[in-house]
Amino acid sequence: SAALPYCKNLLAIGEKLRRGSEEPLARFMQALCDYALGNNTLENNASDQEEITIDESLQALRSTDAKQRLTYALNRAALLDLKFKNWDSAISRATEALENAEIMERASELLTSRVVLTEAFKAKADEKLFKFYLKAVLATPETVGAQWARERAIKLKENYKGQANA
């Protein structure tokens, strides 16, 4: 909820810069905040009072062809999907993010995607895919990625290291 005022400022700026990915990213950030608060739609404060779901905001980002921003957005939505136990959505979003991150060679987003996929497949009791992604997380050097993602990866390594090769 603390991020909501910042989202309103981003939306105002994004609306002025209509040609790029700024407005779709701002809409996504607002939708993400709303989703984090337990809602799946965002009440837009624009004059048309249009509601935008997180999926619609992701689609708008896809249409701008801003792969780095889209990858970031997909991973953040997937992390919330994990929190809300929306395993299939987390897997779908993290898989798309992983594909983009591989193309762009974005180490932090690669790690985030793999952590999400490992946790989601573990929750779904899909041992084959859990082990596949766990191996990828285990192979990632502990100096790669954002600190919070590294910490999450380290926790996976500590909890499941012996299971990767079983």
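In this text, all values refer to a predicted model and were calculated from it rather than measured experimentally.
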Rounded distance (nearest 0.5 Å) linking atom [atom1] of [X] with atom [atom2] of [Y]:
X    : Y    : atom1 : atom2 : result
E102 : E99  : CD    : CD    : 7.5 Å
R106 : Q68  : CZ    : CD    : 4.0 Å
R27  : I54  : CZ    : CD1   : 14.0 Å
K157 : R150 : NZ    : CZ    : 10.5 Å
L98  : L110 : CG    : CG    : 6.0 Å

**Asked** Can the ring centroids of Y35 and F84 be said to lie less than 6.0 angstrom from one another?
**Response** yes

Any [X] side-chain heavy atom under 4.5 Å of [Y] side chain:
X    : Y    : result
K122 : E127 : yes
V144 : P141 : yes
N100 : E109 : no

**Request:** Using the side chain to side chain contact (heavy atoms under 4.5 Å, CB included) rule, take R62 and L74 through it: C-alpha gap first, then chi angles, then the decisive distance, then the call.
**Result:** CA-CA 10 Å; R62 282 184 196 96; L74 286 162; 3.8 Å; yes

**Prompt:** Going through the distances and angles, do C33 and M29 end up as a side chain to side chain contact (heavy atoms under 4.5 Å, CB included)?
**Reply:** CA-CA 6 Å; C33 287; M29 297 302 274; 5.6 Å; no

**Complete:** Test side-chain contact (heavy atoms from CB on, under 4.5 Å), reference T118, set L138, V137, L129, output is V137

Contact summary for [X] and [Y], nearest pair of heavy atoms:
X    : Y    : value
T71  : A97  : CG2-O, 3.4 Å
S57  : A31  : OG-CB, 3.9 Å
V115 : A149 : CG2-O, 4.4 Å
A120 : A90  : CB-CB, 4.5 Å
R114 : Y133 : O-CB, 4.1 Å
Y160 : F130 : CG-CZ, 3.6 Å

[X]/[Y] ion pair, N-O < 4.0 Å:
X    : Y    : answer
K128 : D126 : no
K155 : E119 : no
D81  : R76  : no

**Request:** For L70 and E96, run side chain to side chain contact (heavy atoms under 4.5 Å, CB included): C-alpha distance rounded to whole Å, both residues' side-chain angles, the deciding distance at 0.1 Å, then the answer.
**Result:** CA-CA 9 Å; L70 175 62; E96 184 180 353; 3.7 Å; yes

**Complete:** For W148, the hydrophobic cluster (side chain heavy atoms closer than 4.5 Å, chained through members) also holds L79, L82, W87, V116

**Evaluation steps, side chain to side chain contact (heavy atoms under 4.5 Å, CB included), between N75 and R93** = CA-CA 7 Å; N75 272 334; R93 290 174 177 160; over 6 Å; no

**Request:** Please confirm whether the backbone N or O of A60 pairs with a side-chain atom of S63, one donor and one acceptor, at under 3.5 Å?
**Result:** yes

